Amino acid sequence: MDRIVNGIARGVFVFLYIPIVAVIVYSFNAAGTNTRFEGLTLQWYVELFQDGALMQTLRTSAIVAVLAATVATAIGIMFALGLARYRGRGKGGFMALIALPLIVPEIVLGVALLSVFSATKVPLGITTLVLGHLIVSLPLATLVLMSSAAMLDPSLPEAATDLGCSPWQTFTRVYFPLLRPAVVAAWLLSFTTSFSNIVMSTFLSGVGSTTLPLKIYSSLKTGLTPSINALGALLILLTLVIVLAVGVSQMRRILVDSRS
């Protein structure tokens with residue numbers, strides 16, 4: 001039985017990581033196609049940074065993702081702290097409203113937002129993209145933060161007030177340090193969700209605000225260039241660096257707390 005379970009686990013890991021390895025390998029492929037391998041080259045990385053249109057879509061995606069993740073995390077902190085301290089009626093209904101965008105199909109949300117922006121004469125662009133991605137990211141950030149906020153001692157505000165802290169000092173010196181790991185997790189999750197979003201971006205992007213996923217999707221009609229593999233490999237490397245940096249930071253924090 002153990003061999004079967006181990007075999008299934010290994011098969012799942014192979015299935016998950018083969019596409020990642022393939023992207024990295026073919027980013028160095030000297031052939032101009034993914035159907036055969038003809039040696040190693042850095043040509044596609046050079047062409048990647050020379051592709052102005054592709055780099056512009058990358059910048060657009062990064063800007064939108066940073067803005068959406070930051071706003072979603074900031075609002076999520078307020079929601080999480082407020083709901084953690086609230087003990088009245090209607091809490092369950094409010095939580096259901098926050099999680100509603102996760103249940104409603106994203107294509108429905110995209111059509112609804114496009115109708116609203118069209119009716120109010122709001123031009124499509126970076127602003128509409130951020131607002132659309134915020135609707136998708138906010139529930140995720142809030143739910144991540146709520147799990148940590150619910151574990152905080154409810155007497156912390158009173159204790160901080162007795163020690164002379166203002167409400168802002170209570171947040172910055174008491175709440176935020178305790179919620180920092182959850183804040184980082186919520187921001188990274190929101191950033192990833194926004195950066196890779198394609199459904200909402202399809203409806204809310206305007207002229208000059210095409211995102212990277214839309215650019216890659218449109219390239220399917222003419223065929224993906226090897227530069228896309230190079231970009232994918234760089235994004236994978238960046239993701240690994242961020243994960244390692246966050247992991248090392250958390251391990252240091254745990255070791256410091258255990259020693260103290």
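Note that the structure is a prediction, hence the values are computed from the model and not measured. Below, each value reflects all heavy atoms present in this structure, side chains not excepted, and no hydrogens, waters or symmetry copies.
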Going by heavy atoms in the side chains, are [X] and [Y] under 4.5 Å from each other?
X	Y	result
Phe79	Phe94	yes
Leu42	Phe28	yes
Phe203	Ile107	yes
Thr142	Ile75	no
Gln169	Val174	no
Ile98	Leu83	yes
Val136	Val199	no
Asn197	Val64	no

Could you walk me through whether Leu131 and Leu113 pass side-chain contact (heavy atoms from CB on, under 4.5 Å), step by step?
CA-CA 9 Å; Leu131 292 175; Leu113 282 176; 6.0 Å; no
First locate atom [atom1] of [X], then atom [atom2] of [Y], and finally report the distance between them rounded to the nearest 0.5 Å.
X	Y	atom1	atom2	result
Ile8	Phe13	CD1	CZ	13.0 Å
Ile63	Phe195	CD1	CZ	11.5 Å
Leu179	Met151	CG	CE	9.0 Å
Ile77	Tyr175	CD1	OH	12.5 Å
Leu109	Leu114	CG	CG	12.5 Å
Thr193	Leu140	OG1	CG	5.0 Å

Same cluster (ILVMFWY, side-chain, under 4.5 Å), [X] and [Y]:
X	Y	result
Ile135	Ile198	yes
Leu134	Val66	no
Val25	Leu240	yes
Ile228	Leu235	yes
Leu16	Ile20	yes

Please test Asp51 against Glu47 for side-chain contact (heavy atoms from CB on, under 4.5 Å), starting from the C-alpha separation and ending with a verdict.
CA-CA 6 Å; Asp51 191 338; Glu47 291 189 4; over 6 Å; no
Looking only at atom types and distance, does a side-chain atom of [X] sit under 3.5 Å from a main-chain N or O of [Y], one as donor and one as acceptor?
X	Y	answer
Ser148	Leu145	no
Thr57	Leu54	yes
Ser61	Leu58	no

Chi angles and distances behind the side-chain contact (heavy atoms from CB on, under 4.5 Å) call for Leu48, Met55:
CA-CA 8 Å; Leu48 169 63; Met55 297 306 294; 4.3 Å; yes
Candidate list Leu244, Thr239, Leu238, test side chain to side chain contact (heavy atoms under 4.5 Å, CB included), partner Ile242, passing option:
Leu238
Classify the side-chain pair Ser190/His133 by whether it contains a donor and acceptor separated by less than 3.5 Å.
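On atom types as modelled, these side chains do not qualify, holding no pair under 3.5 Å.
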Distance-only side-chain donor-acceptor flag, Tyr45 / Ser27, under 3.5 Å
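Yes - a donor-acceptor pair under 3.5 Å links their side chains.
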Taking all heavy atoms of [X] and all of [Y], pick out the closest pair and write down the distance.
X	Y	answer
Ser205	Leu124	O-CD1, 3.8 Å
Pro181	Leu178	CD-O, 3.8 Å
Ser194	Ala65	OG-CA, 3.3 Å

Do other residues, nucleotides or ligands put more than 12 heavy atoms under 6.0 Å from the CG atom of Leu237?
yes
Could you walk me through whether Asn229 and Asn29 pass side-chain contact (heavy atoms from CB on, under 4.5 Å), step by step?
CA-CA 9 Å; Asn229 290 330; Asn29 185 13; over 6 Å; no
Could you pull out all donor-acceptor pairs under 3.5 Å where a side-chain atom in residues 209-217 meets a protein atom, sequence neighbours excluded?
from: Ser209; atom 1: OG; to: Gly206; atom 2: N; distance (Å): 2.6
from: Ser209; atom 1: OG; to: Gly206; atom 2: O; distance (Å): 2.9

